[in-house]
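The structure appears right after this line, and notes come after that.
Counting begins at 1 with the first residue of the sequence.
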Amino acid sequence: MGPPAPPRILMTADAVGGVWDYALELARGLAAAGVSTAMAVTGDPPDTTKRAAAMSIPGLILDAAPFKLEWMADPDDDLRRTGDWLLELERRLRPALIHVNGYAHAALPFRAPVLCVAHSCVLSWWRAVHGTDPPPAWRRYAERVADGLRLADRVVAPTRAMLDALETHYGPIPRGTVIHNGRDPAGRADADKRHLFLAAGRLWDEAKNIAAVDAIAARVPWPVFVAGDTGGPDGNHTPLAHACPLGRLATDEMRDWYGQAAVFVHPARYEPFGLAPLEAALAGCALVLGDIPSLRELWDGAADFVPPGDTTALGDALRRLAADSDRCSHLGAAARERAGRYSAGRMVRAYLDLYADMAGLGT
């Protein structure tokens, strides 16, 4: 007989936004620690580049199905099909633990222990962006989220602010804990900084507040570049009036821009963690961030903060940095030092400790 197979987790994911990057970073670290990942991806399938990145991780199994995500319109039938698919994957693969990057499917009758990781939610997004509770059409979504949080064996959020938001909207979470997201700084050497401002985010997502960056772009002394999708899920496009659009960039292209930019601008209204500010900080960018609880929690003392709705304050902050090279360099160095707290290694070790506690992995 050969050596025993390494322990495996079954992880759900989608190929949109930061959850995909988080999932790959974690799976890569788990593989190095001898834990393999079976990744079940719903929503739009990963493109060729993303699929190749996933398959470069030793032992990773990638399975994809084009079912709707839980926050999409009329998802009930697709969520049922996804649930059947996930239960069949568990039966076939026999993972030691289920890691759900979402909510609804944390309530499924899995045999293995279930971890629910909360990356964002519509109710907290709506409150941050609109200042009100969402309309009644979101009631069924809220019920699914509450069920997943209640029935999961453990719940993780990437910041205390996000965990607090979940408790505000869905009630107490006695089995909740915080594990910061992480990125590996390897290969992110500084380039010569240029006099430019960089922002990144989906232009159609009001939470990212790219509109504020665009509004001040003609009134600051350095050019403003924005990376991110202009096309929203409804098929409409959000044009930029003043900033320079870069479109969606590949990971290596984004690293090049982070390396060049003196300042990264992210006046977000809602950001449960924010991988883009972390990646910018790893490249030594000075950070100008929205003054919201999660970003304060992570970057207080290592960034400048502005109220998300105050474009005057945003423009003033950028002009001050453009006029003070010492302050700009100091902030960049402080951000890079702070980013060391949010390494991929720390994230992976924290999840391994949690997996061991839940399912005996690594013990």
What are the two closest non-hydrogen atoms of [X] and [Y], and how far apart are they?
X    : Y    : answer
L287 : P277 : CD2-O, 3.9 Å
L163 : G176 : CD2-C, 4.1 Å
P308 : N209 : O-ND2, 2.8 Å
A286 : L331 : CB-CB, 3.7 Å
I210 : A199 : CD1-CB, 4.2 Å
I292 : A268 : CG2-O, 3.6 Å

salt_bridge([X], [Y]) N-O dist < 4.0 Å:
X    : Y    : value
D229 : R202 : no
R140 : D74  : no
R80  : E70  : no
D76  : K68  : no
R144 : D147 : no
E279 : R183 : yes
D133 : R127 : yes
K50  : D21  : no

Heavy-atom side-chain proximity of [X] to [Y] below 4.5 angstrom:
X    : Y    : result
V226 : L246 : no
W20  : N101 : no
I57  : L24  : yes
V288 : L321 : yes
F110 : L86  : yes
D300 : F305 : yes
L318 : I216 : yes

field: Qualifying residues under side-chain hydrogen bond (donor to acceptor under 3.5 Å, both in side chains), relative to D353, sequence neighbours excluded
entry: none
message: Check the orientation of F225 and W257. Use parallel for under 30°, tilted for 30 to 60°, and perpendicular for over 60°.
response: tilted
task: Give me the ring orientation class for F264 and Y258: parallel if the planes are under 30° apart, tilted from 30 to 60°, perpendicular past 60°.
output: perpendicular
query: Per the salt bridge (Lys or Arg N to Asp or Glu O under 4.0 Å) rule, which among R327, R320, R319 passes with D304?
result: R327
field: T12/H99 under side-chain contact (heavy atoms from CB on, under 4.5 Å): CA gap, chis, key distance, verdict
entry: CA-CA 7 Å; T12 69; H99 177 135; over 6 Å; no
message: Applying side-chain contact (heavy atoms from CB on, under 4.5 Å) to V117 and V100, what does each step give before you reach the verdict?
response: CA-CA 6 Å; V117 181; V100 177; over 6 Å; no
- request: Evaluate side-chain hydrogen bond (donor to acceptor under 3.5 Å, both in side chains) for D205 paired with W125, printing each intermediate quantity in order.
  value: CA-CA 10 Å; D205 185 350; W125 179 96; 3.1 Å; yes
query: Above 12 or not: heavy atoms from other molecules or residues under 6.0 Å from CZ of R81?
result: yes
- line: The side chain to side chain contact (heavy atoms under 4.5 Å, CB included) partners of T49 (sequence neighbours excluded) come to D47
field: Intermediate values then yes/no, salt bridge (charged side-chain N to carboxylate O under 4.0 Å, His left out), R154 and D357
entry: CA-CA 10 Å; R154 297 290 292 271; D357 185 50; 2.8 Å; yes
